[in-house]
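Read through the structure below, which is laid out as structure tokens, and then see the notes.
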Protein chains: 2
Amino acid sequence: MQKQYSIRELADEFDVTTRTLRFYEEKGLLSPLRTNQMRSYTSADRTRLRLILRGKRLGLSLEESSKIILMYDQRASNDEQLQALVAKIREKRQQLAEQQKDLELMLLDLRDAEERCLDALSNNQNEDVA
Amino acid sequence: MQKQYSIRELADEFDVTTRTLRFYEEKGLLSPLRTNQMRSYTSADRTRLRLILRGKRLGLSLEESSKIILMYDQRASNDEQLQALVAKIREKRQQLAEQQKDLELMLLDLRDAEERCLDALSNNQNEDVA
DNA sequence: CTTTACGTTTACGTTAACGTAAGCTATGTG
DNA sequence: CACATAGCTTACGTTAACGTAAACGTAAAG
């Protein structure tokens with residue numbers, strides 16, 4: 001017997017609005033059970049929501065996240081479909097690897113900018129002393 | 001004497017539309033020179049464009065990218081402003097570090113998914129043989 | 001000299017991802 | 001019992017980031 005979550009519980013836990021949860025459902029990203037009309041979220045829904053929000057933080061659209069989630073829980077299909085899926089997964093991994101590079105570059109730039117700021121500050125110190 | 005770029009050259013180089021470049025200008029992200037009404041982009045504009053697009057790939061809004069760019073080329077101001085800037089830079093670096101974690105998690109999940117696919121494929125092989 | 005190509009401005013259209021509000025129902029609570 | 005709380009549906013509103021189209025200028029090419 002798994003725990004079920006009300007829409008408010010889930011919304012509070014992940015810091016989103018109930019509107020957002022209903023919207024994700026409308027878009028087919030979540031599919032909570034219904035207990036006399038009220039939505040009842042399972043731990044599977046929680047997991048999916050976590051993945052969706054992680055995708056958002058990485059700049060993915062809901063549709064992209066949706067596709068990636070489908071890759072995670074592939075329904076064991078035939079060889080052809082499996083191979084196509086592997087190809088998709090590899091492509092996405094490739095994209096993410098590129099994104100990793102972008103991220104590191106931006107971090108380097110920011111490290112640089114910070115250093116220059118600190119240099120400027122210590123220079124101002126020296127001027128004050130001189 | 002630096003090379004100047006027409007709007008089309010820049011658009012083609014970065015694979016964006018001219019509309020996009022004009023839009024970025026309208027938003028204050030670019031400010032090309034004008035040679036008898038025509039836009040003339042310098043290498044500084046190119047750099048800014050590179051940064052904007054890198055930001056986009058990381059899921060940043062144009063406004064966020066704009067702010068980050070301002071951090072890069074800080075006009076040496078007074079100590080107070082410099083310290084505020086350092087704080088901003090550190091905050092952004094922190095955010096990016098979190099994003100790095102998210103990215104690695106997603107990569108791990110995809111590695112996992114790929115492996116499961118490959119397992120399923122080799123299982124199908126065995127069944128065929130048996 | 002007209003066509004073609006590239007540039008300009010102005011302005012309305014579009015999509016994603018929700019926000020917001022109205023109006024209804026069911027369930028406790030003083 | 002009144003009413004506050006939480007949920008539901010339906011539907012219109014909003015913002016970012018461009019797309020698309022009209023209407024015009026200019027310069028090289030046939």
Side-chain angles (χ1 to χ4, degrees), chain A residues 3-42 45-46 48-70 92 95 99 102 106, chain B residues 3-42 45-46 48-70 92 95 99 102 106:
Chain A
K3 213 215 155 184
Q4 310 277 99
Y5 303 83
S6 77
I7 194 171
R8 176 122 306 278
E9 285 172 337
L10 206 61
D12 286 350
E13 179 178 356
F14 287 90
D15 199 32
V16 296
T17 68
T18 59
R19 173 69 175 107
T20 298
L21 295 181
R22 295 197 189 95
F23 178 73
Y24 288 169
E25 180 177 350
E26 193 179 321
K27 292 289 168 178
L29 293 166
L30 297 176
S31 33
L33 303 173
R34 295 290 182 131
T35 357
N36 58 13
Q37 295 302 332
M38 282 171 60
R39 291 171 173 80
S40 184
Y41 297 88
T42 77
D45 291 312
R46 279 182 77 239
R48 293 173 69 89
L49 182 54
R50 263 195 322 102
L51 296 177
I52 295 167
L53 296 179
R54 194 169 75 188
K56 277 201 62 175
R57 290 194 297 272
L58 293 174
L60 304 190
S61 69
L62 293 184
E63 200 179 341
E64 282 173 319
S65 289
S66 184
K67 285 181 184 170
I68 290 183
I69 290 177
L70 286 180
K92 198 65 201 178
Q95 285 177 29
Q99 192 166 340
D102 275 328
M106 186 170 284
Chain B
K3 213 216 156 184
Q4 310 278 98
Y5 304 83
S6 77
I7 194 169
R8 176 121 309 276
E9 284 173 337
L10 206 60
D12 285 349
E13 178 177 357
F14 288 91
D15 199 33
V16 297
T17 68
T18 59
R19 173 68 174 106
T20 297
L21 295 180
R22 295 198 190 93
F23 179 73
Y24 289 170
E25 180 177 350
E26 193 180 323
K27 291 291 168 177
L29 294 165
L30 297 176
S31 34
L33 304 172
R34 296 291 182 130
T35 357
N36 59 11
Q37 295 302 332
M38 283 171 61
R39 291 169 173 81
S40 184
Y41 297 87
T42 76
D45 291 312
R46 280 182 77 239
R48 294 174 68 89
L49 181 54
R50 264 196 321 102
L51 296 178
I52 295 168
L53 296 178
R54 192 168 76 189
K56 277 202 62 177
R57 290 193 297 272
L58 293 174
L60 304 190
S61 69
L62 293 183
E63 200 180 340
E64 283 173 318
S65 289
S66 185
K67 286 181 183 170
I68 290 182
I69 291 176
L70 286 180
K92 199 63 201 177
Q95 286 176 30
Q99 192 167 341
D102 275 328
M106 185 168 285

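Sequence lines set the chain letters: A, B, ... in the order given, protein chains first and strands last, and positions in each chain run from 1.
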Here the distance between atom C1' of C:dA16 and atom CG of A:L29, to the nearest Å, is 12 Å
After noting the C-alpha distance and the side-chain angles of B:F23 and B:L62, does the key distance pass the side-chain contact (heavy atoms from CB on, under 4.5 Å) rule? CA-CA 11 Å; B:F23 179 73; B:L62 293 183; 3.6 Å; yes
Take atom CD1 of A:I7 and atom P of C:dT25, then tell me their distance rounded to the nearest Å. 20 Å
Is the phosphate of C:dC6 approached by B:S6 (side-chain N or O, under 4.0 Å from OP1 or OP2)? no
Would you say a side-chain N or O of A:T17 is under 4.0 Å from OP1 or OP2 of C:dG19? yes
When the distance from CZ of B:R8 to C1' of C:dT4 is rounded to whole Å, what number comes out? 15 Å
Contact under 4.0 Å: A:K27 side-chain N or O vs C:dT15 OP1/OP2: no
Can a side chain N or O of A:R19 be found less than 4.0 Å away from OP1 or OP2 on D:dT14? no
Within less than 4.0 Å of OP1 or OP2 of D:dG19, is there a side-chain N or O belonging to B:T20? yes
Length of the CG-P vector between B:N36 and D:dT26, whole Å: 9 Å
From NZ of B:K56 across to P of D:dA17 the rounded distance in Å is 8 Å
Mapping B:T18 and B:E26 to their closest nucleotides on DNA chain C, which lands nearer the 5' end? B:T18
Taking A:R46's backbone N and O only, do any of them form a donor-acceptor pair with A:E13's side chain (distance below 3.5 Å, no angle check)? no
B:Y41 atom OH is separated from C:dT8 atom C1', nearest whole Å, by 11 Å
Polar side-chain atom of A:R48 near backbone of A:L29 as donor-acceptor pair, under 3.5 Å: yes
Does B:R39 make a side-chain donor-acceptor contact with the base of C:dT8, cut-off 3.5 Å? no
Round to a whole Å and report the spacing from CD of A:E63 to P of C:dT15. 13 Å
Phosphate contact (C:dA17 OP1 or OP2) by A:Y24 side-chain N/O below 4.0 Å: no
Working for side-chain contact (heavy atoms from CB on, under 4.5 Å), residues A:R39 and A:T18: CA-CA 11 Å; A:R39 291 171 173 80; A:T18 59; over 6 Å; no
Does CD in B:Q37 sit with more than 12 non-hydrogen atoms of other residues, nucleotides or ligands closer than 6.0 Å? no
Please confirm whether the shortest side-chain N or O distance from B:R22 to OP1 or OP2 of C:dT8 is below 4.0 Å. yes
Whole-Å distance, B:Q37 CD to C:dT9 C1', equals 10 Å
